[in-house]
Amino acid sequence: MWPFTRRSHVSTESETAKRAAEKSLQEAQARTPESEAQLTESRRVKEQLRAHNRANAYSDFIEGIVLGRLNDGRS
């Protein structure tokens with residue numbers, strides 16, 4: 001016969017850790033739609049900035065051509 005008894009109860013630390021992990025998971029899942037909305041908005045703003053920068057580059061290029069022609073005509 002084995003002289004030691006086997007413990008059948010779960011430690012309070014593991015139960016506390018399990019509850020904390022479940023709560024953390026629930027909070028993360030609750031924030032998912034908000035996070036996805038922020039990510040979508042961030043991507044939209046990024047594309048707008050990229051398009052704006054591209055338009056400015058073309059505008060600067062055309063302005064340089066026009067000003068270059070005007071300066072060439074004055075010389």
Side-chain angles (χ1 to χ4, degrees):
M1 174 140 177
W2 186 251
F4 302 105
T5 60
R6 186 169 193 195
R7 291 186 179 191
S8 60
H9 71 282
V10 179
S11 70
T12 56
E13 292 86 2
S14 67
E15 281 297 315
T16 302
K18 181 181 172 184
R19 275 190 245 110
E22 288 171 349
K23 183 179 177 184
S24 177
L25 176 62
Q26 289 171 351
E27 289 173 353
Q29 288 173 338
R31 288 189 306 265
T32 297
E34 179 183 324
S35 298
E36 288 176 359
Q38 288 176 345
L39 179 60
T40 301
E41 177 67 11
S42 175
R43 287 178 177 161
R44 186 185 64 77
V45 169
K46 180 182 173 183
E47 287 304 314
Q48 284 181 338
L49 288 173
R50 188 175 289 158
H52 178 76
N53 289 340
R54 195 175 317 124
N56 278 348
Y58 289 130
S59 177
D60 291 346
F61 175 70
I62 292 170
E63 183 179 327
I65 291 172
V66 170
L67 291 177
R69 287 182 184 166
L70 290 176
N71 290 337
D72 288 345
R74 291 184 183 172
S75 297

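- Grouping Ile, Leu, Val, Met, Phe, Trp and Tyr residues whose side-chain heavy atoms lie under 4.5 Å apart, directly or via other members, leaves Y58 alone, with no other cluster members.
- With sequence neighbours excluded, the residues satisfying side-chain contact (heavy atoms from CB on, under 4.5 Å) with E41 are R44, V45.
- Contacts classified as side-chain hydrogen bond (donor to acceptor under 3.5 Å, both in side chains) and involving residues 20-30 (residues at least two apart or in different chains) are not found.
- Take N56 and apply the side chain to side chain donor-acceptor pair (under 3.5 Å) test, not counting sequence neighbours, and it matches H52.
- Under the salt bridge (Lys or Arg N to Asp or Glu O under 4.0 Å) criterion, the residue pairs touching residues 46-56 are E47-R50, with sequence neighbours excluded.
- Remark: L39 pairs with R43 by the side-chain contact (heavy atoms from CB on, under 4.5 Å) rule, at least two apart or across chains.
- No side-chain donor-acceptor contact under 3.5 Å links S59 to the backbone of A55.
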